[in-house]
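The next block holds one structure in the form of structure tokens; read it before the comments.
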Amino acid sequence: MIRRFDSVVLTVADIDQSLAFYQTVLGLKLLPSEQGHGVLLGEEKLVFQSIGQEMRHHALEGAAHFSLLSDLTAEQLILHFEQLDIELLEGPIDRGSFVLFTFNDPDNNLIHIFSSEAASN
């Protein structure tokens, strides 16, 4: 019946800041302009709506919490986050077959990223 998500809508304070964050930190590509303001996540979309539009959908800024799978190793993610000065809320946490990193986007949406493999000892 359901194949996949089409899109997830995030309420944000500044669409341009969110676009830059998701492109730079997560390496996501911009949506084609006719599809709105957002980024592509595989075949799915993260679409951004401005504060003021949220009551139309009853969503609030910073209300999202989602997890992403990375194709980077834990060491590569650590270096990437250090280079971009991303403040981790948790992590790296070694979970055996992967390493978990947790941080917020500029609007306090909670993001978990799972590395492609655990850190080497």
Side-chain angles (χ1 to χ4, degrees):
M1 186 170 130
I2 303 296
R3 289 184 293 152
R4 61 177 177 86
F5 280 105
D6 174 62
S7 62
V8 173
V9 178
L10 300 178
T11 301
V12 300
D14 184 322
I15 288 177
D16 291 332
Q17 179 185 33
S18 294
L19 290 171
F21 178 87
Y22 281 84
Q23 285 182 280
T24 304
V25 177
L26 302 179
L28 302 178
K29 296 187 185 318
L30 288 175
L31 278 177
S33 59
E34 67 273 6
Q35 293 184 28
H37 301 288
V39 291
L40 291 168
L41 181 61
E43 295 182 38
E44 291 77 25
K45 299 171 276 215
L46 285 177
V47 178
F48 305 122
Q49 68 180 1
S50 297
I51 291 177
Q53 296 178 317
E54 70 275 3
M55 293 312 293
R56 184 179 78 207
H57 301 294
H58 304 287
L60 299 174
E61 175 188 355
H65 174 173
F66 54 92
S67 300
L68 303 170
L69 302 173
S70 176
D71 58 358
L72 298 179
T73 65
E75 289 84 3
Q76 290 170 319
L77 283 169
I78 290 167
L79 180 61
H80 178 70
F81 295 143
E82 286 175 352
Q83 288 173 337
L84 295 173
D85 200 27
I86 299 300
E87 182 180 338
L88 296 175
L89 299 174
E90 292 183 326
I93 299 172
D94 192 335
R95 296 289 172 100
S97 60
F98 62 87
V99 175
L100 170 66
F101 299 87
T102 303
F103 57 94
N104 290 112
D105 75 1
D107 294 287
N108 289 318
N109 293 298
L110 188 66
I111 302 171
H112 290 300
I113 295 189
F114 299 97
S115 70
S116 64
E117 59 187 51
S120 58
N121 296 339

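Among residues at least two apart or in separate chains, side chain to side chain donor-acceptor pair (under 3.5 Å) pairs with a member in residues 12-21 are Ser18-Asp107. Judged as a salt bridge (charged side-chain N to carboxylate O under 4.0 Å, His left out), the pairs with a partner in residues 27-44 (not counting sequence neighbours) are, in order, Arg4-Glu43, Arg4-Glu44.
For the atom pair CZ (Phe101) and CG (Leu77), the distance works out to 5.0 Å, reported to the nearest 0.5 Å. In this structure, CG in Leu89 is found 9.0 Å from CZ in Phe103, a value given to the nearest 0.5 Å. Interatomic distance, CD of Gln76 versus CG of Asp71, reported as 8.0 Å (0.5 Å rounding). The CG atom of Leu79 sits 9.5 Å away from the OG1 atom of Thr73 when rounded to the nearest 0.5 Å.
For His37, the NE2 atom sits in a loose shell: 12 or fewer heavy atoms of surrounding residues, nucleotides or ligands are nearer than 6.0 Å.
Considering only residues two or more places apart in sequence or on other chains, Phe21 meets the ring pair (Phe, Tyr, Trp, His ring centres under 6.0 Å) condition with none of them. With sequence neighbours excluded, the residues forming a side-chain contact (heavy atoms from CB on, under 4.5 Å) with Leu68 are Leu26, Leu41, Phe66, Ile111, Ile113, listed by chain and number. Applying the salt bridge (charged side-chain N to carboxylate O under 4.0 Å, His left out) test to Glu82 and every residue at least two apart in sequence or in another chain returns nothing. Shown here are the side-chain hydrogen bond (donor to acceptor under 3.5 Å, both in side chains) partners of Thr102, two or more places apart in sequence or in another chain: His112.
Taking the side chain as every heavy atom from C-beta outward, Leu40 and Leu28 never approach each other to under 4.5 Å.
Under a 3.5 Å cut-off, the side chain of Ser116 and the backbone N or O of Leu72 do form a donor-acceptor pair.
Ring planes of Tyr22 and Phe48: tilted class, angle from 30 to 60°.
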